[in-house]
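Note sheet for the following structure.
Just so you know, ligand 1 is whichever comes first in the structure, and atom 1 is the first atom listed for that ligand.
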Amino acid sequence: MSVETAVSTLTREQTLREMGLGPLWKLRIPDPAEDAVAFPLSLPERDRGRSGEGVTPVGADNPPSLDWPALQSTVATCRSCTLCEQRKQAVLGIGDIHADWLFVGEGPGADEDAKGQPFVGQAGKLLDNMLAAVQLKRGHDVYIANAVKCRPPGNRTPTDEELNSCRPYLQRQIALIKPRLIVALGGTAAKTLLQRDDIKVGTLRGQVHDCDGIPMIVTYHPSYLLRSPMEKAKAWEDLCLMRRTMFDLKQ
Ligand code: URA
């Protein structure tokens, strides 16, 4: 059974069980008066019709004016860092290019490098289940990208140099998509999005951060959750914070 079939046939209770969360967790209907988040939610009305403004250009290779096809082909042939040497293909991202939700992982693994899509392996299955637990589905108002677009050999963490070379592509994706909310999956995504070195997911989670004017929530990377299932309860709290934050942003 494919991941997509598996996810779509799971009930919400099965999904939560799959995440190791049990049937007791319930997504509460958000109460705006409750659990106020630190980020100022009265953001200026975002102009979703225009593209490109509002994201700070970084680096000599920043592609500030590329449209999607040009971005896709630029990334596919990119040789800005040594990750290009061992890739089968670059993995730009997948999903709804007008999504309110942008999820950002670390970088493609072997499965992603082979298929050309992010999060298609075991971590992807868990990510799909996490999305389903809060009534989200990849491709439906959700876009999934990575901090680096080429597979780091042996699935090692991308270096700062690699993150810096690839950041302009992620920034361009953000400028084109204009998500209402960004979710950083793990420390590497948080580091490149916030451009900070002092990143610990445990301390950054539970708050709404500001990523160049876009609210951003940090949670654990699905691969980490597969290795540390005890942390899934915290991931569930993060999913609830995401839902509440999106609810508030849409008011
Ligand atoms: N892990 C990531 O961070 N990204 C992927 O696309 C797959 C696994």
>> As an exercise, identify every atom of ligand 1 less than 4.0 angstrom from a heavy atom of H221.
In response: 1 (N), 2 (C), 3 (O)

> With a 6.0 Å cut-off on ring centres, are W68 and Y143 close enough?
Replying inline: yes

> Just wondering, do F119 and L126 contact through their side chains at under 4.5 Å, heavy atoms?
Replying inline: no

>> Suppose we measure from atom 4 (N) of ligand 1 to each protein heavy atom; which comes out shortest, and what is that distance?
In response: N146 OD1, 2.8 Å

> Are there more than 12 heavy atoms of other residues, nucleotides or ligands under 6.0 Å from atom NZ of K250?
Replying inline: yes

> With backbone taken as N, CA, C and O and side chain as the heavy atoms from C-beta onward, which portion of E106 lies under 4.0 Å from ligand 1: side chain, backbone, both, or neither?
Replying inline: both

> Do K149 and Q89 have a side chain donor and acceptor closer than 3.5 Å?
Replying inline: no

> Is the closest N or O pair between G107 and ligand 1 shorter than 3.5 Å?
Replying inline: yes

>> Please list, in number order, the atoms of ligand 1 under 4.0 Å from a heavy atom of P118.
In response: 6 (O)

> Can you name the closest pair of heavy atoms from H209 and L194 and give their distance?
Replying inline: CB-CD2, 4.1 Å

> In ligand 1, which numbered atoms sit nearer than 4.0 Å to a non-hydrogen atom of G105?
Replying inline: 3 (O)

